Amino acid sequence: MRRLACHTTSLLPAAAAVALLIIRPAGAEARDWSLVLGAGAELAPEYEGGEDMEVSPVPLVLFTWQDWLTVSPGGAEARVARWGQLSVSGRLGYEEGRDQDDADRLKGLGDVDGAATAGLKLAWNPEPFEVYLTVDRALGGNDGLTGTLGLDYTMEVSERLTLTAGVAAVMADDKHMQSYFGITPRQSAASGLARYDAEAGLKRVEFETTATWMMGGNWLLRGAAGVGVLTGDAADSPVVEEKVQPKLSLALGYRF
């Protein structure tokens with residue numbers, strides 16, 4: 001099954017922070033690049049707003065080049081300018097869309113096509129904190145615009161253990177909100193759900209904690225626990241079965 005990935009891309013700054021710490025452990029030889037590859041599983045709702053949970057395989061890919069390029073499961077970021085602790089980066093990602101066969105509640109609503117996304121990130125990084133604002137446009141699919149305002153805190157508990165905690169607010173324009181949470185008259189007739197217009201605004205608040213444990217040698221274990229809370233027109237949509245959206249993941253990786 002496919003799952004909406006726009007909230008996944010909003011977690012890219014946290015993944016990037018963890019990646020930088022993973023690839024530069026104390027005493028490690030400096031080099032221009034590093035790569036972590038692995039795989040794991042994620043427990044999450046069937047769709048954004050769904051009540052039933054499902055387990056899905058997830059990749060673990062963390063690549064960096066020097067200190068300006070980061071690639072993670074959420075997408076890629078390349079810093080284009082920096083002034084002290086303030087930086088601007090370009091972003092590329094992918095919004096997976098949604099399939100009406102993902103859940104019974106979605107039948108009759110039609111599919112939301114996936115699309116590549118492109119955007120910018122403005123970040124202020126007074127370590128160990130990072131405050132960031134991202135804006136991303138879907139290049140196709142719903143052609144929607146999303147923005148995320150977030151705060152991450154990263155702590156090296158020891159040479160083996162790194163913890164990251166973050167909170168973020170996700171906003172979206174009319175096109176995005178209507179595609180995922182609105183119901184047109186035709187969709188209403190096909191699904192039995194009431195017609196609903198979803199307008200632009202704050203759609204979701206997210207909290208996540210990530211732990212990365214260096215197991216020995218080049219192996220690592222990465223676990224994450226988070227919860228998203230739908231708000232505004234998203235929370236009130238007939239499409240939504242549950243406003244509180246928990247998520248758990250665990251992955252094993254190897255650092256090259």
Side-chain angles (χ1 to χ4, degrees), residues 1-11 14 40-59 73-74 93-115 138 141-142 144 146-148 150 165-210 223-251:
M1 294 183 180
R2 295 185 296 171
R3 183 181 295 115
L4 178 66
C6 56
H7 66 277
T8 304
T9 56
S10 71
L11 299 179
E42 179 183 74
L43 176 66
E46 291 179 322
Y47 68 97
E48 190 174 25
E51 180 179 23
D52 295 333
M53 307 287 285
E54 68 174 3
V55 177
S56 302
V58 293
Y94 187 75
E95 186 176 284
E96 293 184 2
R98 190 182 67 196
D99 195 313
Q100 67 173 349
D101 294 329
D102 285 349
D104 291 341
R105 190 66 164 259
L106 302 177
K107 294 188 183 303
L109 298 181
D111 299 338
V112 180
D113 293 335
N142 63 82
T146 57
T148 301
V167 58
V170 183
M171 297 148 282
D173 69 357
D174 289 339
K175 291 181 179 179
H176 180 97
M177 293 290 285
Q178 184 64 24
S179 294
Y180 289 102
F181 302 103
I183 301 175
T184 66
R186 176 177 293 183
Q187 290 173 325
S188 176
S191 67
L193 299 176
R195 178 180 176 179
Y196 185 75
D197 293 325
E199 298 182 353
L202 178 66
K203 76 156 188 173
R204 185 182 181 103
V205 178
E206 300 175 336
F207 307 88
E208 184 176 58
T209 300
T210 302
V227 62
V229 181
L230 295 174
T231 63
D233 281 8
D236 295 335
S237 171
V239 175
V240 173
E241 297 175 314
E242 177 56 60
K243 299 177 184 179
V244 179
Q245 302 278 280
K247 181 174 66 175
L248 295 171
S249 65
L250 186 65

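All values reported here derive from a predicted model rather than from experimental measurement.
Side-chain contact between D236 and Y196 is present, with heavy atoms from C-beta onward closer than 4.5 Å. Counting heavy atoms from C-beta outward, S191 and Q100 have side chains that stay 4.5 Å or more apart. No side-chain heavy atom of D233 sits less than 4.5 Å from a side-chain heavy atom of K203. In this structure, the side chains of Q187 and I183 come closer than 4.5 Å at one or more pairs of heavy atoms.
Of the possible donor and acceptor atoms, none in the side chain of E95 sits under 3.5 Å from a partner among the backbone N and O of G114. Side-chain atoms of R98 come within 3.5 Å of backbone atoms of Y180 as a donor-acceptor pair (strictly under, hydrogens ignored).
Interatomic distance, Y47 OH to D101 CG, rounded to the nearest 0.5 Å: 13.5 Å. Atoms CD and CD, on Q245 and E51 in that order, are 10.0 Å from each other to the nearest 0.5 Å. Atom CG of L248 is separated from atom CD of E208 by 10.0 Å, given to the nearest 0.5 angstrom. Atoms NZ and CG, from K175 and N142 in turn, are 9.0 Å apart once rounded to the nearest 0.5 Å. Note that the NZ atom of K247 and the CD atom of E42 stand 5.0 Å from one another [nearest 0.5 Å].
Residue P238 comes nearest to A194 through the heavy atom pair CG-O, 3.9 Å, listed as atom of the first residue, atom of the second, then distance. Considering every non-hydrogen atom in both G144 and D173, the closest pair reads CA-OD1, 3.6 Å. Residues A115 and G141 come closest through the heavy atom pair CB-N, 3.7 Å. Across all non-hydrogen atoms, the minimal contact from V112 to S179 is CG2-O, 3.5 Å. Between D111 and D99 the shortest heavy-atom distance is OD1-OD1, 3.3 Å. Pairing each heavy atom of L193 with each of S188, the nearest pair is O-OG, 2.5 Å.
In this structure, E48 pairs ionically with R204, as a charged nitrogen and a carboxylate oxygen lie closer than 4.0 Å.
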